[in-house]
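Structure, as structure tokens:
Every chain is numbered from 1, with letters handed out A, B, ... down the list of sequences. For the numbers below, each heavy atom of this structure counts, side chains included, while hydrogens, waters and symmetry mates do not.
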There are 2 protein chains.
Amino acid sequence: MLKTILDNKEEYQPGLSIDCVIFGFHDNQLKVLLIKTKYSDKWALPGGFVPVNEDIDEAAVTVLHGRTGLKGIFLRQFSTFGAARRCSVDVSNAVLDFYGIPLDEGKWYASRFVTVGYYALVDFLQTVPQPEGKNEIVEWIDHNSVPELILDHRQILDTALETLRMELNLMPVGYNLLPEKFTIPELQKLYETILGRKLDRRNFLRKIMAIGILTKLDEKKSNVAHKAPNLYSFDKEKYEEVVKNGLTQGW
Amino acid sequence: MLKTILDNKEEYQPGLSIDCVIFGFHDNQLKVLLIKTKYSDKWALPGGFVPVNEDIDEAAVTVLHGRTGLKGIFLRQFSTFGAARRCSVDVSNAVLDFYGIPLDEGKWYASRFVTVGYYALVDFLQTVPQPEGKNEIVEWIDHNSVPELILDHRQILDTALETLRMELNLMPVGYNLLPEKFTIPELQKLYETILGRKLDRRNFLRKIMAIGILTKLDEKKSNVAHKAPNLYSFDKEKYEEVVKNGLTQGW
DNA sequence: TCAAAAGTGTTTGGGATACACCCATGT
DNA sequence: ACATGGGTGTATCCCAAACACTTTTGA
């Protein structure tokens, strides 16, 4: 933890951190994985530091894996936040105080930090939130009910969502956010939730099928009220191809 | 310069730099402002370091102003480059050697750096390239004739252009790249150069006029071969409005 | 039998593309 | 006069948006 890092601070890039906005989808809601530590009454994005001989992308993978147990998922750098006053000495000192670390030992941590923002799309059900030790809680929170966050994390979160909305026009989304088998209405809800607006069912079906990444399964969802919707899965091969080549159309 | 920075290294964010891809437009060519230093046979992007109590955006403005003498121009962060091996010890040692700085004094400089990439769009004719001291040359280079660059600067440049192409769909471009009065064919050449493909004259005119940011002047370009083209200027007010609200269409 | 969600086709309008002719000017 | 680039209008096509009825199932 922090103590360990401070004891080995030469092995970490000074003044640089990673923050991850981890999106999941459940109950037709867009969720964000957030952390609540005992030394602050505000929530925070999961983050970490960058080992000096590790790519920042790798460091982001480490953060993600550390909090979700997931690997090989969609992860993308979207912006770097470096306002001079984005770090508050009060906050860092409170943390040092909580751990009983003297201020001079904690100088590395209390200095000005620039943070690189990444966002990830993960499968809610496969995610096992993993708190580091007993001093924190890791939880999925509905993106509409996100409480006050520390520092500029609210801005980081908003920028991530904005970027995701943009990139929805450039790539297909869903492979990492939905279970293997899903229905078209579920996929549509996902798009609607990300975009924050309603889409027409018929037009959505046509567009999403035109991309050619969906396979209609010979199976219907069971145990549902009303008419049972068909199940679909992604054609992984074609999906990857489209991710590589990009989409032409938009939403 | 470097010596001054090293003597005051506590005032700079360690391991963090700014690199600017400065685009200009002249002779129907997209130009990039590059630097050639005496201590390397390769060219480089203009860059700089980040004072600890300055926003990274401000630091980028400083770099830009330092090299071009320009202020208040279009500047945008596009990506952060943090591969572990993007910095070569050989390169930094060569620089230190050139300045006659002992290796131990130059430790700060020779450590691993992460760099934040910004790109700028500036008016070629208003730009006065400003070398720092006698050890460097600052020059506009046609983006098609960019020589080998140091480190990963080639990748940074390519990513910048890619981003610019993307953002052409989201915002109007030209206010900072063209002189006050310009012709439609000039503006079209600019778009063609950025996009790397030809556009239809008639369709271009219709689309660009539909945005509603151009004012047709009662004036024609003089001293030109063939039919004198009309001069236009940007309606600054509407231009800013569209920059704020974004475009809907694409190219 | 009724309410609620799923499945399916057609029409229409606007934007993108393709295309051709006339005009002005310097050589 | 002619070659070169500038200016303008129209037809077409395709994609996106709008829209209504039928089907299935649980309550």
Contact string for nucleotides 21-27 of chain D, one letter per nucleotide 5' to 3', B = base within protein heavy-atom range under 4.0 Å, S = sugar-phosphate only, - = neither, reads --BBBS-
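Summary of the strand contacts: B/Asn203 and A/Pro229 both lie near DNA chain C, and taking for each the nucleotide with the nearest heavy atom, the more 5' one is attributed to A/Pro229. Residues A/Asp200 and B/Thr183 both approach DNA chain D. Their nearest nucleotides, taken by heavy-atom distance, put B/Thr183 toward the 5′ side.
Atom pair B/Arg206:CZ and D/dA11:C1' shows a separation of 11 Å (rounding to whole Å applied). Atom CZ in B/Phe204 sits about 16 Å away from atom C1' in D/dG5, given to the nearest Å. Atom CG of B/Leu205 is separated from atom P of D/dG9 by 10 Å (rounded to the nearest Å). Atom-to-atom, CD1 of A/Ile211 to C1' of D/dC15 comes out at 14 Å; the value is rounded to the nearest Å.
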Determine, step by step, whether A/Phe234 and A/Tyr239 satisfy the ring pair (Phe, Tyr, Trp, His ring centres under 6.0 Å) criterion, reporting the C-alpha distance in whole Å, the side-chain angles of both residues, the deciding distance to 0.1 Å, and the verdict.
CA-CA 7 Å; A/Phe234 286 109; A/Tyr239 191 96; 4.9 Å; yes
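Remark: A/Glu136 engages A/Arg67 in a salt bridge, criterion side-chain N to carboxylate O under 4.0 Å. Under a 4.0 Å N-O distance rule, the pair A/Glu139/A/Lys31 does not qualify as a salt bridge. Between B/Glu219 and B/Lys181 there is a salt bridge, since a side-chain N of the basic residue sits under 4.0 Å from a carboxylate O of the acidic one. Salt-bridge formation is not detected for the pair A/Lys244/A/Glu240: no Lys NZ or Arg NE/NH1/NH2 atom is positioned less than 4.0 Å from an Asp or Glu carboxylate oxygen.
Ring orientation note: the planes of A/Phe23 and A/Tyr119 are nearly perpendicular, at an angle over 60° on the 30°/60° scale.
Heavy-atom contacts of chain A under 4.0 Å fall on DNA chain C between two terminal nucleotides, which in 5' to 3' order are C/dA4 to C/dT10.
Residues satisfying the side chain to side chain contact (heavy atoms under 4.5 Å, CB included) criterion with B/Leu170, sequence neighbours excluded, are A/Met166.
The environment of CZ in B/Arg85 is sparse: at most 12 heavy-atom neighbours from other residues, nucleotides or ligands sit within 6.0 Å.
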